[in-house]
Each structure stands twice: as structure tokens, then as C-alpha cells.
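Only this structure's heavy atoms are used, side chains among them; waters, hydrogens and symmetry mates stay out.
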There are 2 protein chains.
Amino acid sequence: MGNMKKYHHGNLEEALLTAGLQEAKARGPRNLGVNFLAKAVKVSPTAVYRHFLSGESLRASISQQAREELARQMLKAIATQTDVKNRFRAVGRAYINFALNEPGLFAVAFVACEEGPQREDSPSAWMVLQDSILDICNAKLIEASEVQQVASFAWATVHGFATLAGGSDPRRPKTNEKTISDLLDRTWSGIIQLGSKNSAKDKLGAN
Amino acid sequence: MGNMKKYHHGNLEEALLTAGLQEAKARGPRNLGVNFLAKAVKVSPTAVYRHFLSGESLRASISQQAREELARQMLKAIATQTDVKNRFRAVGRAYINFALNEPGLFAVAFVACEEGPQREDSPSAWMVLQDSILDICNAKLIEASEVQQVASFAWATVHGFATLAGGSDPRRPKTNEKTISDLLDRTWSGIIQLGSKNSAKDKLGAN
DNA sequence: CCCTAATGTTTACAGCATACACATAATGAG
DNA sequence: CTCATTATGTGTATGCTGTAAACATTAGGG
């Protein structure tokens, strides 16, 4: 008796996002299509368009959610760390761990990030990373003028490693603790750059 | 009269790859489908299957070509450099320049690298990069035991930056000369890690 | 209470990858 | 040279996608 199927779903939008995230977690971006997700929620394909402009924008929303999940895990990882250096390491490690533990989600988070303006109130991995760099600056380990450059460097390294390690390349780097720790050590070296202001004029031959 | 259209194309395979590369260069991965490329070469869609197992494998071949082009440009950039440090910088800069100057090709080169075993004889960006790291090792600036770690680090940084800078993220890093030069400086710092325990004999004076 | 807006379904169509049957051209053996 | 074989192309058909348009059902406010 109770099993009367309601004509209206109730809150389809959230259901679609949830189903999308679950699928992303399980199998990556492959099946995040309108038809598949509609079926997963037991709804007609065209119903999707009452909540999203297009299949692409649905995917963009799922991707956004995945990015927020990453940011949340980074925030959690940073919470217990007080030392600037350890905070940065925690950020980097959380980022990389996310890519390794949730390869599907990570892939979805960073495929074709062509979406519109992200809401600024939502947690963003980039912001968390940048904050940890600002901390380093506040601790006088780098100068304010360097912050942007350092952030780009750190972001590139961590994101690059996560991408390569999480991917399916035959030449993908090792992913053991030692390798990751070493990577973060080297990144830290690049951040602090003993050559910059301590060692005065770089003895460049730079090009 | 000479305009008699031949029933057989002559060498369709190469034509498809060329058309694919051209399209990739112009508009990225968007239109690299069987129908589109078949039309571009003025051939029936199903003709493609005489030369490729599937549309996916066609795309994989195009992607491979793009990667080879990248490797070639890296090799060219390295050719004039003799100093180990400058060689490494040239490699990194070529990689990044490729991403910036040919965003379409770069995107195609690294989307869904799920392809089968790459031919070992073809030039590979990874190999070029690794060779430049080996050079650093031969110059006694790092130890043999570090090579893999260093290669992973350098690869991650350069690839990560190229990916981020080449993408369409709103938060994408600046791409001016200074930023790139700074990035390579910091990467170099991470490579020769003065802070490490074995701190290496200061070859710094040599520069 | 009914009218309207929100939400879901059905139907329809274009574009895609691809299988299958058929057409044509190139090649090599007698 | 002739002719069969093989390589390479075309045409047609199918099932899957994304999405538009018209219709159905329900929720909520005058």
C-alpha cells in the first residue's frame, strides 16, 4: 500500500548531485551523463532539465561538489597543525591523499573546469593552499611580494603530482610515504628558497 | 577533367591524423570525433574503421602525436644548452611554453591518457626530462639514489604548472616571464635541496 | 476553491559510434 | 594479360546521447 510512487520526486536536484558523486566515486567521469543519472534516480531524462540548463552544467555542479569535498578534507587535515611548515605539509598531503584515495572524485573534480564563476563562499582547495602560504609569510619565512609566486609554485607541484600519481600513466610516479614526504620536502625547499633574500643576488645565469 | 575523385584516398590514416592534429591545434579536443574527422578528410565515417579500431583509438593516436610534438620541441630547446642547470631550465621552459603556445595540442596530449603501451622508440617528454635529471646526477649535483624522486618532483612541478596555466581556471597562475623564471628557480632549489642531510658539496661556487 | 507555476512524462529528432553488406581499386599469380 | 584476392572505400541500419516541445500532475497562493 505505502509504495505509491510519487509523481514529483521531492528534491531531484540534490538527488542527481548525490547520485553523480556516488558514481564519480565509483567509476570516475565516464558515466556522468543525463540519461545515466536520470535512470539512477528513477526519473525521466528530460526531468533533469528542470534543474540544470544542460548535461554539461550538471556535470559542472558535480565537479564543483567534488572540489568542495577536497577542500573540506584539506581543512580537516590542517585543523590539528599549528606549526607553519607542518600546516603546509598537511595541506599538500591531504591534496595528494585525496587524489590517491578517491581517484574517481579527483578526476571529476579537475576535468574540463570550464564552468562559470564558482561561488566564493564555498570552500576551495586553492584558498586553503593560499592561506597556508600566507601563514608562511606571516611567519616571516617569505616576503609578501613572493606570496603569489610561491603559491603558484606550491599549487603546481602538489596538483601536478596528484594528477600524475592518480592517473593511469605507465610512467606514473611511486606513491609511497617516502616519495610523498620527499616531494613535500623539496617543495618546501623551493618555497623557502635559500637563494632568494638570504643569499642575496642570485648568481644567475638565468634564462 | 583532372578533377576525377579517386575512390581510394591514398593514405587515409595519415590524413586523419593530420586533420586531427590541425583541429586539436585550433580548437582542442572538442571535435575529435569520427564523423567530424571523416568529413574533414572528405571520406565516409565508416572508412575510418579500416585504419583504427575505434574512434577512441584514433583519438589516442592523435594524442600520441601531440605528445611527440611536445617532446620534439623540448629536444630542440635543449640542443643549444650545455650547462646542466640551463639544460634543465630549457626543458621546463619548453614544456611550459608548449602548453601556453599550443593549448589545444597540450590539452589533447594529456586528456585521458588511457591508451595502450606507447612505442618506446618515439620521443617522449618524460624521457627528455629524465635525461636532464640524469645530467644533473652526472654533474654530481644530486646522488644517483635521488634521481627518481627528483624526476618525479620536477615532472610534477612543470607539468602541474603547465596544466594550470594552460587551462581556463579563473584562478590560473600568471604566465609572464618572471613568474615562469621564478618557478624554475624554485624547482631548481627543490632539486638540489641544500637543506637535506647530505647537503652536497657546494658546487655553487662554480656558478 | 481554482488558477498558476513548478515539476515530471512522453514523444520526437538530430548527432554520434559502429556493425554489416556491398562497391571499387590495387596487387600478385598463373 | 587475366583474373582472383585483398585492401580500402561507400551506404545503410541500429542503438545510444542530449535536448526541444507538448502534455500531465501536483503544490501553493489569490
Given dA17(C), is OP1 or OP2 found less than 4.0 Å from the side-chain N or O atoms of Arg59(B)? yes

Report the relative orientation of the aromatic rings in Trp188(B) and Phe88(B); use parallel for angles under 30°, tilted for 30 to 60°, perpendicular for over 60°. tilted

At under 4.0 Å between heavy atoms, what does Val43(A) touch on the DNA or RNA strands: base, sugar-phosphate, or nothing? sugar-phosphate

For atom CZ of Arg50(B) and atom C1' of dT6(D), their distance in whole Å: 11 Å

In this structure, how many angstroms lie between the C1' atom of dT18(C) and the CG atom of Leu37(B), rounded? 15 Å

So, is His51(B) close to the dG9(D) phosphate, meaning a side-chain N or O under 4.0 Å from OP1 or OP2? yes

Please check the phosphate of dG15(C) (OP1 and OP2 only) for any side-chain N or O of Asn35(B) closer than 4.0 Å. no

Whether Phe110(A) and Tyr95(A) hold their rings parallel, tilted or perpendicular, with breakpoints at 30° and 60°: tilted

Is Ser54(A) touching bases, backbone alone, or none of the nucleic acid, heavy atoms closer than 4.0 Å? sugar-phosphate

Short N-O contact, Arg186(B) and Glu146(A), less than 4.0 angstrom: yes

Is the backbone of Leu32(A) close enough, under 3.5 Å, to the side chain of Arg59(A) for a donor and an acceptor to pair up by distance? yes

Between dG9(D) (P) and Phe52(B) (CZ): distance, integer Å: 11 Å

